[in-house]
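Heads up: numbering here begins at 1 and tracks the sequence. Keep in mind that the numbers below use all heavy atoms, side chains included, and drop hydrogens, waters and symmetry copies.
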Amino acid sequence: MSVSIESNFGAEYSAQLPLLGDSISELLCFFGVKRVYGVGGDFVANLINALDKRLAVLPSSNEMHAGFSACAQAELNALGVCMTTYTVGSLPCTSAAALARTECLPVVFISGAPGEAEINSQALHHSVHPHTAWHTDLDAALNAFKALGVRAERLQGQRHSGQPNIAAEQFLQLLTHAFVNRQPVYIEIPRDLIGQPTQALRLPRCPNELKPQTLNLCGAEAIALQIRAKLASAKAPLVFLGEKLRLNPSLLDKIVHFCQQHHLPYATTWFGKGMLDEADPLCLGSYNGVFSQLAHQDYIEASADYVLELGTAIFPSDTNNAFGSQTHAIDNHENKTMLKGTAQWETDIEAVMDLLLAEPISLAQFQPLPQSSKVLVEEGELGYRQLAACINQAQQASGRNFVFVPEVGNSLFASFELTTFASDIGRSYLANPWYAAMGTSLPYARAVADQLAELGSEQTIVVLTGDGGFNFQANELINLQKQAANLVIVYMRNNIFHLGKAGDAPIYACNHQAFDPKLLVQAYGGQGHLCETTNQFVDILASCAVQGGLHLIEVPASLESAAQSDVTQKLNCYIGYRNGDPLATEQWRTLCGED
């Protein structure tokens, strides 16, 4: 016999059941989510209407860009959220999901789905369903995300007439998984569940109460004792901070405070760039072996007699470890203590740091590192080789701290020589080093602009991009225009995909000589500029930053090897070496000191 929830549990209980759409809104707000990026569609329309009551449901130019914006959002917040319609909307987000999984970003990919009442033997539009199939496959997107190693589930509706569904509880568990484990999740929500009642939830006071409350690993006291002894006997200690700390700002602050308290020089990995204020005299910058050009690189490679390494990757990336050149002094250092952070939220590192901060440490006296003097760029032709130095000079001239968002390609590798300072959003450099996802810088900048606007900050965002990467994503300019973002796009033009180019096949051609990006940015309410010399570029970039608004600076970029940044020249040599080019192999071995 069929019974209702009201007849089964009573009218009072039944009346307090919320609708699923309202519970989803409440749960996202509980985790601090204020914005959702996405593209609308039929299967997600009910959810959009439900979320729009409490959240900003923002459009993106396409679903992949929505996913990339959510990735940037997750770099800066507890969660990033992307919302699309069924399959045709969610499947394009798999590139962003792969990025989120690689970078350990807690991104929630939400997709509308067919209503549970619609599931029958008839194929639904948006289904991945060939006309020769003997059965309908409704799980194509779920299986695609699962294939990436992403936890993927479809919310389940009522299974007994007298019991409310627990879809809200299921949604909470998925959000918690993303938050606690810093990993993306994919959630399909049948459209007919949005207006149905769901089991009411009792939430904790804040999301942090969902984290592991106890550290089950022991031995912190012994580790702290070892570090104290090592520091006490060192004449030139170094603290090396890994990229895992960029998602744990409270622990990062604690470590930096420890370094300042004991006057310990510190540096970070390439992937950790932007999480430190490089204006701090103790900060030595972002180090990556032979690929780095730091003012105090000699201290890292020759002087440091003890290294305390914190929060680096368990399994090192070749990109982040000098591309296997065996020139990464931290990797090869004979006297160091490594705390990788094997517990969730690096609670094992925090336990050791708390012990180190609890008592003073007797350190040997050593001379503070001299401050590097500001070097003015000489007047001349501008290209990738001088780009970082010119931007650093413009940042100084404008009196403003920039937030940098470099695009994958030559621009990314030129950007490691940028000087990053404190930022209103806690990060001054957001990059996507996962090379399979070109076209992320404008969606990233869009999320950064939203974050700055939330804080009332007018800080300038500087996007560095080649013309190939820019053409992947120019349609996102419409949303930056709507935001009235303070954004300067440095557009390095050579009309080809240049990084790693190994021939003259048409596939490398990404542009047409007649294309004028300055006119394009004007169509989006911005201003276009052309710069060919270093002094001209410094003046215009500094002026754009002070003026505010949307700007694009076109810079003709030479294809000559000598005109590329130092890092790009070495990287192209490495790529040629890996591809078996004899000349590149010889040059690479010389670079690594093998000959």
Side-chain angles (χ1 to χ4, degrees), residues 273-274 277-279 285-286 293-295 371-407 409-424 428-431 441 445 448 458-467 469-470 485-494 516-518 521-522 526-560 562-569:
K273 187 172 180 64
D277 182 359
E278 294 180 7
S286 176
Q293 287 187 317
L294 301 176
Q371 293 297 298
S372 57
S373 58
K374 301 294 183 181
V375 179
L376 297 179
V377 181
E378 294 183 0
E379 172 70 13
E381 184 178 349
L382 176 61
Y384 273 113
R385 189 165 186 82
Q386 308 91 348
L387 181 62
C390 287
I391 293 176
N392 289 337
Q393 188 171 326
Q395 185 172 212
Q396 181 185 8
S398 70
R400 296 166 180 259
N401 294 349
F402 296 163
V403 177
F404 297 109
V405 186
E407 179 58 65
N410 285 343
S411 297
L412 172 65
F413 290 101
S415 72
F416 289 114
E417 297 175 18
L418 294 170
T419 302
T420 57
F421 297 120
S423 167
D424 293 339
S428 54
Y429 180 100
L430 285 88
S441 56
V448 171
E458 297 182 354
Q459 197 166 3
T460 301
I461 307 166
V462 176
V463 165
L464 282 73
T465 181
D467 42 7
F470 178 81
N486 291 325
L487 175 69
V488 182
I489 301 169
V490 179
Y491 176 92
M492 304 298 289
R493 180 168 190 167
N494 53 28
D516 190 342
K518 300 185 297 300
V521 80
Q522 288 177 25
Q527 299 181 43
H529 315 267
L530 176 66
C531 290
E532 296 179 317
T533 68
T534 54
N535 286 3
Q536 184 184 23
F537 177 84
V538 170
D539 291 342
I540 288 180
L541 177 54
S543 174
C544 291
V546 172
Q547 181 182 347
L550 177 62
H551 298 265
L552 182 144
I553 303 176
E554 180 183 353
V555 179
S558 171
L559 297 177
E560 296 297 323
Q564 307 310 311
S565 70
D566 180 74
V567 172
T568 299
Q569 290 183 51

Checklist entry - Does CD in Glu381 sit with more than 12 non-hydrogen atoms of other residues, nucleotides or ligands closer than 6.0 Å? => result no
Checklist entry - How long is the gap from CZ on Phe416 to CG on Leu294, to the nearest 0.5 Å? => result 12.0 Å
Distance-only donor-acceptor hits, side chain of residues 545-553, under 3.5 Å, sequence neighbours excluded:
| residue | atom | partner | partner atom | Å |
| --- | --- | --- | --- | --- |
| His551 | ND1 | His529 | NE2 | 3.0 |
| His551 | NE2 | Gly548 | O | 2.9 |

Item to check | Heavy-atom pair of closest approach, residues Gln564 and Asn410 | outcome: OE1-ND2, 3.6 Å
Item to check | ring pair (Phe, Tyr, Trp, His ring centres under 6.0 Å) against Tyr429, all qualifying residues, sequence neighbours excluded | outcome: none
Checklist entry - So do the side chains of Pro517 and Asp467 get within less than 4.5 Å of each other, counting heavy atoms only? => result no
Checklist entry - Between the side chains of Glu379 and Asn535, is a donor N or O closer than 3.5 angstrom to an acceptor N or O? => result yes
Next on the checklist: I need the minimum non-hydrogen distance between Ala279 and Phe421, along with the two atoms involved.
Outcome noted: CB-CD2, 3.4 Å
Next on the checklist: Within the 3.5 Å criterion, strictly below it, is a donor on Glu407 or Ser441 matched to an acceptor on the partner's side chain?
Outcome noted: yes
Next on the checklist: Looking at Ile540, is its backbone amide N or carbonyl O close enough to the side chain of Ser543 to form a donor-acceptor pair, meaning the two atoms are under 3.5 Å apart?
Outcome noted: no
Item to check | Residues that Thr460 engages under side-chain hydrogen bond (donor to acceptor under 3.5 Å, both in side chains), provided they are two or more places apart | outcome: none
Checklist entry - Measuring from Gln569:CD to Glu560:CD, what's the distance to the nearest 0.5 Å? => result 11.0 Å
Checklist entry - Could you state the interatomic distance from OG1 (Thr420) to CG (Asp277), rounded to the nearest 0.5 Å? => result 7.5 Å
Item to check | Side-chain H-bond candidate by donor/acceptor type, Gln386 with Thr534, under 3.5 Å | outcome: no
Item to check | Trace of the side-chain contact (heavy atoms from CB on, under 4.5 Å) decision for Ile391 with Leu541 | outcome: CA-CA 8 Å; Ile391 293 176; Leu541 177 54; 4.0 Å; yes
Checklist entry - Where do Pro556 and Cys531 come nearest, in terms of heavy atoms and distance? => result CD-O, 3.3 Å
Checklist entry - Taking C-beta and beyond as the side chain, do Val567 and Glu417 meet within less than 4.5 Å on heavy atoms? => result yes
Next on the checklist: For the OG atom of Ser428 and the CZ atom of Phe404, what is their distance to the nearest 0.5 Å?
Outcome noted: 7.5 Å
Checklist entry - With a 4.5 Å heavy-atom cut-off, do Val488 and Val463 have their side chains touching? => result no
Checklist entry - Is any side-chain heavy atom of Gln459 closer than 4.5 Å to a side-chain heavy atom of Asn486? => result no
Checklist entry - How close do Gln536 and Leu530 get, heavy atom to heavy atom, and via which atoms? => result NE2-O, 3.4 Å
Checklist entry - Measuring from Leu418:CG to Leu387:CG, what's the distance to the nearest 0.5 Å? => result 7.0 Å
Checklist entry - What salt bridge (Lys or Arg N to Asp or Glu O under 4.0 Å) pairs are there with at least one residue in residues 541-559, not counting sequence neighbours? => result Arg493-Glu554, Lys518-Glu554
Item to check | Residues that Phe470 engages under ring pair (Phe, Tyr, Trp, His ring centres under 6.0 Å), provided they are two or more places apart | outcome: Tyr491
Item to check | Heavy-atom pair with the smallest gap, counting every atom of Ser411 and Met492 | outcome: OG-CG, 4.4 Å
Checklist outcome for this item: In terms of heavy-atom contacts, Ile461 and Ala445 come closest through CD1-O, 3.7 Å
Item to check | Set of side-chain hydrogen bond (donor to acceptor under 3.5 Å, both in side chains) partners for Asp566, sequence neighbours left out | outcome: Lys570
Next on the checklist: Distance check, rounded to the nearest 0.5 Å: Thr419 atom OG1 versus Gln395 atom CD?
Outcome noted: 7.0 Å
Next on the checklist: Between Arg400 and Glu458, is the salt bridge (Lys or Arg N to Asp or Glu O under 4.0 Å) condition met? List the steps.
Outcome noted: CA-CA 10 Å; Arg400 296 166 180 259; Glu458 297 182 354; 5.2 Å; no
Item to check | Heavy-atom side-chain contact between Val462 and Val490 under 4.5 Å | outcome: yes
Next on the checklist: side-chain contact (heavy atoms from CB on, under 4.5 Å) for Ser423 and Asn401? Distances and angles first, verdict last.
Outcome noted: CA-CA 7 Å; Ser423 167; Asn401 294 349; over 6 Å; no
